[in-house]
Amino acid sequence: MRKWRKHLAQATVIGAGLLVALSGATTSVFANADGTTNVKNDKATVKPVHGVTSNSIRGVDISSLQAELNAGVKFYGYNGKQQDILQTLEDSGVNYVRLRIWNDPYDSDGHTYGGGDATLDNAVKTAKDATSHHMKVLLDLQYSDFWADPAKQALPKAWKNYTFAQKKTAVYDYTEKVLKTMKAAGVDVGMVQVGNETTKGMMQEKDPAKYMQFIAEGVNAVHKYAPNALAAVHYESPTASSFAKIAAELKTNKVKYDVMGATFYPHWNGPDSKLIGAEKVITQTYEKKFAVMEMSYPYTTDDMDGQSNIVGSIANPPFPISVQGQANAISDTWKTVMQNGNGKGLGGFYWEPAWIPVKAGWDNYQFNRDASVKYGTGWATKYAAKYYGDAGYSDQEANVNQYWGASSYDNQALFDPHGYPLQSLLTFKKMITNNYVSKSAKSPVDRYVAKKNNAYAYTFKGSNDNFTFKKAFAVSSLKGIYKIDKAEYVVKADGKTYLYYHITSGKKTGWIWHSYLQKKPNKIAKTTKVNYKHRYVVKNKKGNVYGFQGGSNDFQFVTLHYLKNYPKTHFVVTRVTYVKKYDGKTYKYYYVHSLNGKVKYMVMFGMAI
């Protein structure tokens with residue numbers, strides 16, 4: 001995430017957190033001076049997104065939550081009553097929480113650096129609450145005491161004088177410590193991110209041959225101390241070429257990661273084609289899993305706490321700047337990830353949807369600034385400057401000194417400035433597709449009987465794009481042998497694809513998973529060569545000439561000719577074949593050819609024997 005910017009509302013930001021262009025405005029355009037807003041009532045229409053299932057990661061990064069709660073911020077549910085924000089998130093369809101962790105975000109006198117006070121202790125509190133609300137947790141270990149991104153990867157103060165070997169050991173040991181702490185707290189850790197946006201290096205090491213050894217140590221620790229969790233790496237500005245280069249370096253340095261994570265803000269990193277290109281490289285060429293670790297979008301350009309917003313006006317916004325626009329941005333990002341990942345797209349995380357003002361209203365800037373110093377609720381405090389200066393990032397030191405204060409992210413939150421959820425937050429629930437038909441399958445010509453009597457046939461309730469299953473009848477009620485009249489591939493809510501057959505048996509009609517049916521094949525019992533000198537002509541013009549499709553123990557009849565078209569053709573028999581058909585009866589077939597050579601296949605003569 002881009003962490004520092006000048007105190008100007010309108011700016012264009014690209015790349016590794018660099019402020020590269022400013023609009024003509026020289027002062028922020030403030031609104032909501034007293035913090036009032038009706039935005040919580042704005043509606044958002046969300047259509048189900050194919051590929052987004054109940055198992056897809058629909059996550060949020062709420063790393064600043066404990067700082068907000070410590071400062072007295074309250075959150076509410078959709079009924080307007082105050083409630084645990086994790087309950088509101090669960091109600092909204094969120095199933096994963098991402099938490100950044102800094103080693104020691106305090107100076108020697110105990111002053112917080114700010115940035116949401118992302119300590120291990122605070123992460124444990126949020127992680128425990130998330131686990132109690134049936135969410136998995138992604139731990140974002142940055143191996144720094146404050147923001148780590150491509151512009152800065154400052155070493156933790158305690159590691160400053162370590163040798164290279166000691167730094168590797170420190171990464172491993174710190175990862176072990178965090179994971180053991182989370183395990184002791186009963187946290188359901190689903191993924192661990194080793195480093196944050198390490199595109200240009202990590203821990204002030206820029207040589208890939210070296211800093212990737214740090215990543216490897218972290219990944220190895222994850223696999224040992226959280227064997228059921230995925231080990232992830234994280235990079236920004238995704239493109240096919242940049243991620244191909246990174247993935248190749250990871251492979252060369254034998255980093256055994258499971259997931260490649262990307263930072264993708266639609267207004268900065270778009271269009272989607274860049275994300276798609278990066279994802280396909282990772283999932284197809286390198287066969288790794290893929291997720292978006294950070295994304296967000298503004299619902300307004302208004303300032304809510306006196307600190308100008310990192311995203312002010314957008315020249316050509318990819319979505320409307322509105323609650324509906326937020327919902328569109330979320331569903332579009334998840335659609336991109338889940339439909340272009342070669343089956344390895346996991347989902348994503350919305351970045352800091354709850355980082356709202358401590359006290360709403362732009363004329364409360366000083367109040368919010370003071371709260372940041374005390375609780376760490378803002379982007380930074382003045383005490384962070386020396387940390388970056390000591391690490392050799394003089395530009396960041398100057399930036400902190402001049403522009404530290406409250407949050408510049410509140411206009412991208414999914415809660416209004418008073419803690420009420422926006423309708424865009426419900427996108428996480430509404431974009432889930434229950435079940436849908438991915439494509440039609442070729443209907444088999446085989447005959448079937450029921451194989452699993454305790455199963456059911458279903459009707460599809462809803463459209464082919466989004467439906468639920470409704471029981472039609474028990475498979476055990478089916479009698480006899482029946483044919484399939486339709487077949488569909490169905491992607492179910494678990495994300496897996498199943499083949500369903502549609503049958504009609506008397507007045508019963510419904511869809512059955514094909515594995516619950518048993519095929520009744522035709523089999524060749526015996527074939528005998530003969531030498532008939534007699535010639536034959538067609539007697540029953542309603543008959544057909546067939547071919548056998550399949551093996552001798554499992555084949556189907558394929559109609560090749562209609563005998564009504566050969567009323568005067570003379571046939572010669574060359575062998576006889578006995579076929580045991582699906583109904584259990586044996587039939588006698590003659591292999592024939594016409595004298596003119598135009599017909600050379602099987603034709604049935606006689607009855608069952």
Side-chain angles (χ1 to χ4, degrees), residues 1-5 9 11-15 17 39 42 44 46 57-65 68 85 89 92-94 96-100 115-116 118 138 140 147 149 193 196-197 234 236-238 261-272 274-275 291-305 307-314 317-337 347-357 379 407-417 421-428 431:
M1 183 62 196
R2 295 144 186 82
K3 301 302 183 286
W4 312 113
R5 75 288 308 151
T12 301
V13 185
I14 63 170
V39 71
D42 288 357
V46 179
I57 293 178
R58 304 180 311 282
V60 295
D61 187 317
I62 49 174
S63 300
S64 64
L65 178 60
E68 294 271 284
I85 185 177
L89 293 173
S92 304
V94 173
Y96 230 109
V97 162
R98 179 178 184 252
L99 300 170
R100 63 180 171 274
L138 163 59
D140 173 15
W147 300 111
D149 55 52
Q193 184 182 306
N196 191 77
E197 294 185 337
H234 176 208
E236 44 74 54
S237 302
T263 293
F264 184 76
Y265 293 92
H267 42 287
W268 286 328
N269 304 120
D272 287 352
K274 293 183 179 180
L275 181 63
V292 166
M293 297 304 193
E294 298 181 17
M295 71 78 56
S296 67
Y297 199 75
Y299 68 87
T300 180
T301 56
D302 291 348
D303 168 65
M304 252 73 80
D305 63 358
Q307 177 77 38
S308 58
N309 301 322
I310 185 172
V311 177
S313 63
I314 303 175
F319 307 99
I321 308 299
S322 64
V323 172
Q324 181 66 63
Q326 273 191 326
N328 294 350
I330 294 170
S331 62
D332 182 76
T333 300
W334 263 256
K335 176 183 177 181
T336 299
V337 173
F349 296 85
Y350 194 98
W351 202 83
E352 290 285 10
W355 205 342
I356 61 176
W379 284 96
S407 173
S408 60
Y409 196 80
D410 46 57
N411 69 320
Q412 297 187 75
L414 298 176
F415 290 81
D416 82 352
L422 305 182
Q423 293 297 303
S424 48
L425 180 58
L426 286 169
T427 307
F428 292 105
M431 68 179 171

Practice item. Please round to the nearest 0.5 Å and tell me the distance separating atom CZ of Phe428 and atom CD1 of Ile330. Key: 4.5 Å
Review point. Between Trp351 and Tyr265, is the gap from one ring center to the other below 6.0 Å?
Key: no
Practice item. Measure the CG-NE2 distance between Asp140 and His234 for me, rounded to the nearest 0.5 Å. Key: 7.5 Å
Practice item. State whether the side chain of Arg58 and the backbone N or O of Gly93 hold a donor-acceptor pair below 3.5 Å, judged by distance alone. Key: yes
Review point. Are any non-hydrogen side-chain atoms of Thr301 and Asn309 less than 4.5 angstrom apart?
Key: no
Review point. Below 4.5 Å, heavy atoms only, C-beta onward: do Glu197 and Glu294 meet side chain to side chain?
Key: yes
**Study point:** Closest non-hydrogen atom pair between Ile356 and Asp410, with its separation
**Key:** CA-CB, 4.4 Å
Point to revise | Evaluation steps, side chain to side chain donor-acceptor pair (under 3.5 Å), between Glu352 and Ser64 | key: CA-CA 7 Å; Glu352 290 285 10; Ser64 64; 2.8 Å; yes
Check your understanding: Does a side-chain heavy-atom distance below 4.5 Å link Glu236 with Asn269?
Key -> no
Revision key, fill the gap. For Ser63 and Arg98 the tightest heavy-atom approach is OG-O, 3.7 Å
Point to revise | Interatomic distance, Ile62 atom CD1 to Leu89 atom CG [nearest 0.5 angstrom] | key: 5.5 Å
Exercise for review: Starting from the C-alpha separation in whole Å, work towards a yes-or-no answer on side-chain contact (heavy atoms from CB on, under 4.5 Å) for Val39 and Thr300.
Suggested key: CA-CA 9 Å; Val39 71; Thr300 180; over 6 Å; no
Check your understanding: Can you name the side-chain hydrogen bond (donor to acceptor under 3.5 Å, both in side chains) partners of Asp332, sequence neighbours left out?
Key -> none
Check your understanding: Can you tell me if Asn411 uses its side chain to pair, donor with acceptor, with the backbone of Met304 under 3.5 Å?
Key -> no
Exercise for review: Would you sort out whether His267 and Val311 count as a side-chain contact (heavy atoms from CB on, under 4.5 Å), showing the intermediate values?
Suggested key: CA-CA 9 Å; His267 42 287; Val311 177; 3.6 Å; yes
**Study point:** Rounded distance (nearest 0.5 Å) linking atom OG1 of Thr427 with atom CG of Leu414
**Key:** 8.0 Å
Review point. For the residue pair Ala262 and Leu275, what are the closest heavy atoms and their distance?
Key: CB-CD1, 4.4 Å
Exercise for review: Using atom types as modelled and distance alone, determine if a side-chain donor or acceptor of Tyr297 lies under 3.5 Å from a backbone N or O of Phe319.
Suggested key: yes
Review point. So which heavy atom on Ser424 is nearest to which on Gln326, and how close?
Key: OG-OE1, 2.7 Å
Exercise for review: Mind listing the closest non-hydrogen atom pair of Ser296 and Pro266 along with its distance?
Suggested key: O-CD, 3.6 Å
Check your understanding: Does a side chain donor of either Thr336 or Asp272 reach within less than 3.5 Å of an acceptor in the other side chain?
Key -> yes
Review point. Are side-chain N/O atoms of Gln307 and Asp303 paired as donor and acceptor at under 3.5 Å?
Key: no
Practice item. Find the distance between CZ (Phe349) and CD (Gln193) and round it off to the nearest 0.5 Å. Key: 8.5 Å
Review point. Between Tyr409 and Trp355, how do the two ring planes meet: parallel, tilted or perpendicular, split at 30° and 60°?
Key: tilted
Check your understanding: Hey, does Tyr299 have a side-chain heavy atom less than 4.5 Å from the side chain of Ile321?
Key -> no
Practice item. Flag the pair Met295 / Asp61 as yes when at least one side-chain heavy-atom distance between them is below 4.5 Å, and no otherwise. Key: no
Practice item. Without swapping roles, check the side chain of Trp147 against the backbone of Trp379 for a donor-acceptor pair under 3.5 Å. Key: yes
Practice item. Locate the shortest heavy-atom distance separating Ile57 from Trp334; write the atom from each residue and the value. Key: O-NE1, 2.8 Å
Review point. How long is the span from the CG atom in Leu422 to the CG atom in Asp416, to the nearest 0.5 Å?
Key: 6.0 Å
